[in-house]
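Values reported hereafter were calculated over all heavy atoms of this structure, with side chains retained and with hydrogens, waters and symmetry mates removed.
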Amino acid sequence: MTYDLIIRGARVVTGAEVVECDIGIREGRINALGQDLGPADEVIDATGLIALPGGIDSHVHIAQPSGPGIEMADDFASATRSAACGGNTTVMPFCLPEDGVTLRQAVNDYHAKADGQCHVDVSFHLIIKDTDAQTLGQDLPALFAAGYTSFKVFMTYAGLALSDREILDVMDVAKAHKAMVMVHAENEDAIEFLRDKAEASGNTGPVHHARTRPIPVEREATHRAISLAEIAGVPLTIVHVSNGAALEEITRARRRGLKVFAETCPQYITLTADDLDRAGFEGAKYVCSPPPRDSAEQAAIWAGLEQGDFDLFSSDHCPFRFADSAGKDAQGARATFRNIPNGIPGVETRLPILFSEGVMKGRITLPRFAAITATNHARLYGLAARKGAICVGADADIALWDPNLTKPIRQTDLHHGSDYTPWEGFEVTGWPVRTLLRGQTVAKDGEIVGAATGDYLSRSAPEFLI
Ligand code: DUC
Ligand code: ZN
Ligand code: ZN
């Protein structure tokens, strides 16, 4: 039998093992793992490289409505170019309905933005901001059946935050349809109280974004979200966990037997609130929610990563341009942090940062890296078997990594639509040098290759709910 492609000689990360073997690919799928496979139409000599499952970034925001006059820096073309160059083969953005638009219409509009534009595969989570009968009784069930099997609810942001009762009603629908609930856990009333006080005292610079969202704001909401999920009888994922106290709520719930999954992001192991205190308006570049904390909390997050408390490591890519009145320099943003758009770019740097700081520094193993950057994302969001692992039968979504390549992160090397990276100058050892999507090279040596061949992925229920 002739393969379309053989990747020869890499150290291949297959589930719990790392083995030196060939990967035989036919018709876009992994057909064989073994020694001396052949013949093939094409051979990639990957000696000295590491073959990892293509990254799945299950938490990104692309072309999401962001309020009057504000524009996200990425469309689907630029975000997925950036994703591919960063070693990813699937991204999962959120579909947010604008006011007065039904969830179904929002999904249709979002597809129109993505169709034909994507350099990696994509699949949409839904954001539930309306809990009317049409949304919960009709739109959501129909969308679940059509393969949109996860959605996010917010406990913060005026206009987006749901009450506890609303969250319970949404969870009840999730239970009936075996969908995954993702929660943004921060207490809106507490933030509003602290924000009003800060502004009244003239504390209006970017660092006060972090100071008005202290750890108890997140810890309390995490505890409440878990309690609501326990009452409703559903599993849930707490996204972007930033600190040890919130993580403790999760590990405690798990010890009681609850199915609570935890996600963290590069900003919580590498940035601190001091970054929001940089001179002038520079701190705005680091405004995201929850905010980066301090070095003690970074250590707590690392401990969670090392001990296996985190299931998911995502970017929360939410890009705005810095020198732009439609971005971080929005109207009123210099007058008060309240008006600074929330979010930072990171889809291209997520994997290199964790590889360098985690794998190369001996904190996590390669199989653990694969689990929290790809495999678990596929399992928790209904893509298992096809995505997230190098195994026979799966799509040939593979990133080849050079563990000896050292270079700093530079905005000039990145492909996102933002005009800065929060990690400018951050030294990284270990970079993805080639990304293959269903056996086709989509990025090589930091540049995109070929046309936009990404597909839309309809999903099953999360693995543990089937
Ligand atoms: N939450 C996110 O998940 N992303 C960006 C902003 C936010 O609050
Ligand atoms: Zn969030
Ligand atoms: Zn997010």
Side-chain angles (χ1 to χ4, degrees), residues 60-75 93-94 96-101 127 129 152 154-162 184-215 217-218 221 239-240 242 265 267-268 271-293 315-346 416-422 424:
V60 302
H61 304 264
I62 302 173
Q64 189 177 295
S66 304
I70 309 294
E71 216 175 292
M72 218 162 247
D74 271 319
D75 57 17
F94 293 84
L96 170 67
E98 291 191 80
D99 287 346
V101 174
I127 291 177
K129 74 188 235 286
K152 184 173 180 187
F154 284 82
M155 300 171 86
T156 183
Y157 299 129
L160 213 50
L162 301 187
H184 178 131
E186 289 186 296
N187 180 319
E188 174 67 9
D189 280 349
I191 294 165
E192 194 50 33
F193 166 77
L194 293 170
R195 204 156 40 194
D196 284 349
K197 280 177 82 82
E199 286 177 339
S201 312
N203 294 324
T204 54
V207 73
H208 296 287
H209 171 80
R211 294 188 184 151
T212 55
R213 305 177 97 96
I215 287 172
V217 161
E218 184 181 342
V239 295
H240 46 48
S242 75
C265 315
Q267 42 274 35
Y268 307 120
L271 305 177
T272 70
D274 288 347
D275 287 306
L276 282 80
D277 206 13
R278 292 190 184 205
F281 192 56
E282 281 287 299
K285 289 181 176 175
Y286 302 87
V287 166
C288 61
S289 299
R293 307 293 181 180
S315 69
D316 196 3
H317 179 76
C318 186
F320 296 97
R321 288 172 51 81
F322 177 64
D324 195 327
S325 61
K328 293 286 186 181
D329 209 357
Q331 189 170 19
R334 288 178 189 249
T336 166
F337 61 90
R338 185 192 287 269
N339 297 323
I340 301 173
N342 235 292
I344 60 176
H416 58 207
S418 187
D419 56 353
Y420 76 98
T421 166
E424 184 69 39

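- Here the side chains of Ile127 and Gln64 are in contact, with some heavy-atom distance below 4.5 Å.
- The two residues Val207 and Ala273 come nearest to each other via the heavy atoms CG2-O, 3.9 Å.
- Checking side-chain atoms of Tyr286 against main-chain N and O of Pro206 turns up no donor-acceptor pair under 3.5 Å.
- Lys129 meets the side chain to side chain donor-acceptor pair (under 3.5 Å) test with Asp99; sequence neighbours excluded.
- Applying the salt bridge (Lys or Arg N to Asp or Glu O under 4.0 Å) rule to Asp324 yields the partners Arg321; only residues at least two apart in sequence or on another chain are considered.
- Counting only heavy atoms from C-beta outward, the side chains of His209 and Ile340 never approach each other to under 4.5 Å.
- The nearest pair of heavy atoms linking Glu188 to Ala158 is OE2-N, 3.6 Å.
- For the pair Lys328 (side chain) and Val287 (backbone), a donor-acceptor distance under 3.5 Å is present.
- The side chain to side chain contact (heavy atoms under 4.5 Å, CB included) search around Tyr157 returns Phe154, Leu160, His184, Arg213, Ser289, Asn342, not counting sequence neighbours.
- In terms of the side chain to side chain donor-acceptor pair (under 3.5 Å) criterion, residue partners of Glu424 (sequence neighbours excluded) are, by chain and number, Arg410.
- In terms of heavy atoms, Ser418 sits closest to Pro319 at CB-CB, 4.3 Å.
- Residue Asp316 holds its CG atom at 7.5 Å from CD1 of Ile344, rounded to the nearest 0.5 Å.
- The salt bridge (Lys or Arg N to Asp or Glu O under 4.0 Å) test applied to Arg338 returns Glu192, Asp196, Glu199, not counting sequence neighbours.
- Contact of the His416 side chain with the His317 side chain is registered, since non-hydrogen atoms from C-beta on lie closer than 4.5 Å.
- Under the rule for a side chain to side chain donor-acceptor pair (under 3.5 Å), His208 has no partner lying at least two apart in sequence or in another chain.
- Looking at Asp419, its side chain does come within 3.5 Å of a backbone N or O of Ala323 through a donor-acceptor pair.
- Taken from CZ in Phe322 to CD in Glu282, the straight-line distance is 4.5 Å, to the nearest 0.5 Å.
- Every residue two or more places apart in sequence or in another chain that forms a side chain to side chain contact (heavy atoms under 4.5 Å, CB included) with Asp274 is listed here: Thr272.
- Between Phe337 and Thr212 there is a side-chain heavy-atom pair separated by less than 4.5 Å.
- Here the CG-OG1 distance, from Asn203 to Thr336, works out to 10.0 Å after rounding to the nearest 0.5 Å.
- Contact of the Ile191 side chain with the Glu186 side chain is registered, since non-hydrogen atoms from C-beta on lie closer than 4.5 Å.
- Between Lys285 and Pro422, every side-chain heavy-atom pair lies at or beyond the 4.5 Å cut-off.
- Partners of Arg293 according to the side chain to side chain donor-acceptor pair (under 3.5 Å) rule, which considers only residues two or more places apart in sequence or in another chain, are Glu218, Ser242.
- For Asp189, the salt bridge (Lys or Arg N to Asp or Glu O under 4.0 Å) test picks out no residue, with sequence neighbours left out.
- Glu71 pairs by the side chain to side chain contact (heavy atoms under 4.5 Å, CB included) definition with Ala326, not counting sequence neighbours.
- For Ser66, the side chain to side chain contact (heavy atoms under 4.5 Å, CB included) criterion is met by Ile70, Met72, Phe320, not counting sequence neighbours.
- No side-chain heavy atom of Asn187 sits under 4.5 Å from any side-chain heavy atom of Met155.
- A donor-acceptor pair under 3.5 Å links the side-chain atoms of Asp74 to the main chain of Gly417, judged by distance alone.
- For Phe94, the ring-ring contact (aromatic ring centres under 6.0 Å, His included) partners are His59, His61, His125, not counting sequence neighbours.
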